[in-house]
Structure formats: structure tokens, C-alpha cells
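Scroll down for the structure; my scribbles are underneath it.
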Amino acid sequence: MPVTVLLVDDEPLVRAGLRAVLDAQPDIEVIGEAADGAAVVPLVRQLRPDVVAMDVRMPLLDGIEATRAVLRSVDSPPKILVVTTFENDEYVYQALRAGADGFLLKRARPSEIVHAVRLVAEGETLLFPQAVRSLAAEYGNRQARTALERAALTEREEAVLRLMAKGLTNIEIARELIVGTETVKSHVSAILAKLGARDRTQAVITAYESGFVAPA
């Protein structure tokens with residue numbers, strides 16, 4: 001079955017460009033479009049996409065609030081890929097904190113767009129650029145530090161979280177630690193459960209905000 005995608009952007013040309021790139025792939029299908037975040041929840045309920053590629057800045061309801069709305073009101077919500085013009089946009093970081101699974105720059109090459117959709121659909125977050133890591137560090141807070149302390153991660157789980165924060169996939173982490181992929185998946189699941197994180201993105205945000213991982 002192909003990965004199904006809902007495009008949400010107030011610029012028709014952006015939507016057309018993304019559709020052309022994604023529909024050219026045999027394993028990806030664009031099943032709907034919307035011009036504003038206000039239309040996302042009804043369309044997600046109707047179309048049940050695997051991934052929502054959503055602009056972070058829109059006139060009526062921005063990507064941050066639309067992300068919150070989807071996660072709050074939709075059972076088994078889709079993965080959310082935030083699409084943005086600027087990688088150091090604080091809106092992007094707020095969208096990630098709200099529960100988005102990754103982000104994509106509008107100027108990305110076609111191959112990068114396709115890779116981002118596939119990676120998010122598989123449940124493995126995208127690499128945060130330096131600018132977003134720095135924003136995360138600036139948002140350091142006691143709540144994140146307390147969450148990490150209470151998690152009492154094992155030494156191996158800490159190693160896995162550090163590699164997750166670098167943006168490595170499960171396969172790449174397995175190669176780095178010389179263990180099996182299933183072992184990495186077990187560690188990732190344990191990390192998410194201990195941190196009370198919805199997904200890898202939220203776990204990585206906690207890692208940066210707590211100071212456990214510092215931006216390079």
C-alpha cells in the first residue's frame with residue numbers, strides 16, 4: 001500500500017510542486033489538499049492520510065494549532081510533517097513541541113522531500129538542523145530536567161537517546177552500537193515509555209531542553 005499524504009499550504013504553487021514530486025513516486029500518493037489549517041481535522045477524518053505535510057504559517061489556523069487539533073481530536077492520528085521556509089523559524093520549533101513528527105524546508109530538493117515523507121511515515125523523526133537544536137537548548141526548563149531524572153534511563157538507553165538526538169534511524173543506531181535493529185527498537189520503546197513521550201520527536205526535544213544533549 002502506498003503512503004498517503006494530505007497537503008496543507010495556503011500557496012497553490014507550493015501544493016502543486018509537492019504534489020508533482022510526491023505523486024511521481026510509486027509508493028506515495030497525494031490524496032487531498034487544503035489551503036488552511038482550519039480544514040485539516042475534517043479532511044484527516046475523511047481521508048485518513050498516513051502523513052500530513054503542513055505549512056507552519058497560514059492565515060486562519062497555523063500549523064502549530066492545526067497539529068494540536070489533530071492530535072487532540074483524531075483517533076490514531078497521522079504523522080505530521082511541518083513544511084517551512086526558514087529552518088530557524090521559532091514556529092517550527094513550537095510545532096514540533098506541539099507534536100509534529102518532523103519538518104521539511106520548502107527549498108528542499110525533490111529527493112529530500114520524498115525521503116522526508118517516507119521517513120516520517122516509518123515513524124523515525126527527521127534530523128533537526130543546528131538552528132532548531134539551538135532553539136531547543138534555549139527552551140531548557142525544569143520540567144524537562146525532572147522528566148529525564150525520573151526516567152532513570154539505563155546507560156544503553158542514554159546512548160540510544162543521544163544517537164536519536166543526532167537524527168539517526170534505528171538501523172543507523174544499530175550499526176553505531178553494534179546491536180540488532182530489534183534491540184534498538186526495544187530501547188526506543190523503553191525510552192518513550194519512561195519519558196512519557198508520544199514519539200521520537202518529543203523524546204529528542206526533552207533531551208535538548210533538559211540539557212542532556214547539547215547542540216553541537
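Treat the numbers as computed from the prediction; the structure is a model and nothing was measured. Note: hydrogens, waters and symmetry copies are ignored here, and every other heavy atom, side chains too, is used.
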In this structure, would L153 and I173 fall into the same cluster of hydrophobic residues linked by side-chain contacts under 4.5 Å? yes
Heavy atoms of other groups near E176 CD, more than 12 under 6.0 Å: no
Provide the closest heavy-atom pair for T85 versus R107 in the form atom of the first, atom of the second, distance. O-NH1, 3.3 Å
To the nearest 0.5 Å, atom CZ of R156 lies from atom OG of S186 at 12.5 Å
Rounded to the nearest 0.5 Å, how far does CZ of R145 lie from CZ of F212? 14.5 Å
Carefully, step by step, assess V44 and V52 under the rule side chain to side chain contact (heavy atoms under 4.5 Å, CB included). CA-CA 8 Å; V44 166; V52 176; 3.9 Å; yes
Is any side-chain N of the basic residue among E209 and R97 closer than 4.0 Å to the acidic one's carboxylate O? yes
With a 4.0 Å cut-off on N to O distance, would you call D9 and K106 a salt bridge? yes
Give a yes or no on whether the backbone of A144 and the side-chain of S210 come within a donor-acceptor separation of less than 3.5 Å. no
Same cluster for L61 and V14 if Ile/Leu/Val/Met/Phe/Trp/Tyr side chains link at under 4.5 Å? no
Any side-chain heavy-atom pair from D10 and D55 closer than 4.5 angstrom? yes
How far apart are the C-alpha atoms of D50 and V5, what are their side-chain angles, what is the distance that settles it, and do they pass the side chain to side chain contact (heavy atoms under 4.5 Å, CB included) test? CA-CA 6 Å; D50 298 312; V5 181; over 6 Å; no
Which is it for L96 and I205 under the side chain to side chain contact (heavy atoms under 4.5 Å, CB included) test, yes or no, and what are the steps along the way? CA-CA 8 Å; L96 292 171; I205 286 174; 3.9 Å; yes
Can a salt bridge be assigned to the pair R68 and E65 using a cut-off of 4.0 Å between side-chain N and carboxylate O? yes
Distance (rounded to the nearest 0.5 Å) between L168 CG and R162 CZ: 14.0 Å
What pairs of residues pass the salt bridge (charged side-chain N to carboxylate O under 4.0 Å, His left out) test when at least one of them lies in residues 110-121, not counting sequence neighbours? D27-R118, R109-E112
What are the two closest non-hydrogen atoms of T4 and P49, and how far apart are they? OG1-CA, 3.4 Å
Linked, directly or transitively: L71 and L43 (ILVMFWY side chains, under 4.5 Å): no
I'd like to know if the side chain of R45 reaches the main chain of V74, judged simply by a donor and an acceptor atom lying under 3.5 Å from each other, with no hydrogens or angles considered. no
Rounded distance [0.5 Å steps], CE in M54 versus CG in D62: 9.0 Å
Spacing of I191 atom CD1 and T154 atom OG1 [to the nearest 0.5 Å]: 7.5 Å
For I113 and L22 the tightest heavy-atom approach is CG2-CD2, 3.9 Å
So, for A197 and Q202, which heavy atoms are closest and what is the spacing to 0.1 Å? CB-CB, 3.9 Å
Donor + acceptor pair across side chains of N170, R200 (<3.5 Å): yes
Honestly curious: do L7 and L60 fall in one hydrophobic cluster under the side-chain, below-4.5 Å linking rule? no
Heavy atoms only: give me the nearest V40-A66 pair and the separation to one decimal. CG2-CB, 4.4 Å
salt_bridge(K194, E157) N-O dist < 4.0 Å: yes
Under 4.5 Å between any side-chain heavy atoms of P78 and V51, yes or no? no
Give the C-alpha distance, both sets of side-chain angles, the deciding distance and a yes or no for side chain to side chain contact (heavy atoms under 4.5 Å, CB included) between D36 and V8. CA-CA 6 Å; D36 194 86; V8 186; 5.9 Å; no
Do V184 and V179 come close enough that some side-chain heavy atom pair is under 4.5 Å? yes
Answer yes or no: are there more than 12 heavy-atom neighbours, outside R175 itself, under 6.0 Å from its atom CZ? no
Which heavy atom of A151 sits nearest a heavy atom of L195, and at what distance? CB-CD2, 3.7 Å
Any chance you could measure E33, atom CD, to L18, atom CG, to the nearest 0.5 Å? 9.0 Å
When F103 is tested against each of I80, V83, V56, T84 for side chain to side chain contact (heavy atoms under 4.5 Å, CB included), which residue passes? T84
